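Since the structure is predicted, the reported quantities are computational estimates derived from the model, not experimental observations. Below, chains carry the letters A, B, ... as their sequence lines are ordered, and counting in each starts from 1.
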Amino acid sequence: MITTPQEIITRMPASVWQPFDDPLDSGWAVDNFWAHWGLFSVGIIGFVLLVVMGFIWFERRFISPMQLRIGPNRCGPFGLLQPVADAVKVMLKEDIVPNLADKVVHFIAPIAIFVPVLLMFAVIPVHEGVGLIPDLNVGILFVIAVGSIETIAVFMAGWGSNNKYSILGAMRSVAMMVSYEMPMAFAVVAVVLVTGTLSLQGIVQAQTIPFALLLPMAFILYFIGALAELQRTPFDLLEAESEIIAGYHIEYSGMKFAMFYLGEYGGAIIQSALITTLFLAGWKGPFLPPFLWFMIKLFAVFGMIVWIRATWPRVRIDQLMSFAWKYMLPLSIVNLLIVALEVIWFEGDAVTWWLVPINIVICGALLTGWATFFKLRGGPQVES
Amino acid sequence: MSLKPVGIGLMQGLFVVFKHATRKRITEQYPEERLTVSRRTRAQELVWDPGLCTGCATCVKACPQGNLKVTTSVGPNNNYIVEKFENDEGRCIFCGLCVEACPYEALFFGRRYERSQYSRGELIADKDEMSGDDKERSAYFRPDLYDDLPEQTLLIYRKHKKII
Ligand code: SF4
Ligand code: SF4
């Protein structure tokens, strides 16, 4: 009989819990595996739900001055309770399942879209050694792998609804997410090359210079890719609130719709957190406590996303795909090559200040140069 | 072949939007700012003057909805005493025919527009309610009231006018 959690761990083959070994040794974390696991699981779920509410409020309050209006201001001070009111409203709504829907798939899709977000949060360090498994040695690979599950969830939602519009929306979403995942992955590989580690904690520790400065090209590519992955403006043509209805989650209502909403904003959190971790030096910063720095950077990145939403128009589907395959992918490969050469040149220690201006110049030259060759379609072009 | 500058327009757009964020916001409305409605508004209530009304019930005959109720009794000078004067504002279509029909100019439109109630029963305005002190009379079909009423404000407040 197994009676204690300790016994379970000792009976597991070492390879199963090896990745979890590190947080046990580091100073802050709770010394017991299950206590650590329980604490951080609950913590992450609470954190994500809270920050989702914070993001919804922040987005609506932040976009309103740009549109010369006030934003939610009725529920609580500064409308702070508006997300709560929305959540209550959406939970009380009727849950409609289409008659001919694939009931099981229809039911699982909203779960499958939200769970990867929580999973990805397991490896995000919010402080030195604080996180569920912040020092997982394949951290960023784990993030990219788990992040891909969302693509399947999107397709499940479209398929399970048994609605031609939702499946069309789902197919477009999947095409877009798959296309933009590649330049994003290449941008991440550039970071990994410079730091020499896949662990997110290791990546933050290696950033004596924020990589947004050291690897501006990778940063820009990753940011654009994140916008596409989140289906935010200018890549929100699948949702397009002002034109079509909702894309793949058109047949969802009530709590299931709320799960999609959660997944969407959870995705925004995780992408902001990843950009913070990979390119903005994570929890590092002067004067303020590390966790506060992390939150400030998180909200700053999301603020940038909202700012873009308030400004830019939406792209067409052909522009979207051309941009991914003909602009971002070649650039990301070239960028990877350049970073690799730099790493070889500096014999593995490429985090130096005087690479910053060089890389910024290279970035500008590449962006401008490739834009000159960029064509929307193949074949002869009519001069416009 | 010339080099295309990338994203200059997009960046300019970002800063234009940011400049907007520092401007005064033009939507600051209902509970904080209240509109002054048109002087001849046909708003959401009727106002009745008990001193002028003779109880002739012309208004009742004029009402296409049949929702005015007037009950009278004979007074000491062989005149009518109005015992009941009711308007069901839930059914009233605010057509104004009663106001136009009244030969003694005892019936007016009110100027208030916050007349929502929690139940239909509360919408029935009786004698006291229709002649209450808080009622403002609209100049609809009563042109002599027109000059004393405040000027109408637009939805977008006047102090922001130069922006538009
Ligand atoms: S406004 Fe029209 S509907 Fe209303 S009470 Fe007068 S006559 Fe009847
Ligand atoms: S028409 Fe005028 S005077 Fe006659 S009952 Fe109606 S309000 Fe009174």
Answer yes or no: does atom CZ of B:R42 have more than 12 heavy-atom neighbours from other residues, nucleotides or ligands under 6.0 Å? yes
More than 12 heavy atoms of other groups within 6.0 Å of B:F94 CZ: yes
Out of B:A21, B:G9, B:G13, which one racks up the most heavy-atom pairs below 4.5 Å with chain A? B:A21
Chain B contacts: which residues in residues 299-312 of chain A have a non-hydrogen atom closer than 4.5 Å to it? A:M304, A:W307, A:I308, A:A310, A:T311, A:W312
From A:L68 CG over to B:R23 CZ, what is the distance, rounded to the nearest 0.5 angstrom? 4.5 Å
Atom CZ of B:F18 with >12 non-hydrogen neighbours under 6.0 angstrom: no
Within residues 58-67 of chain A, residues adjacent to chain B where the heavy-atom gap is under 4.5 Å: A:P65, A:M66
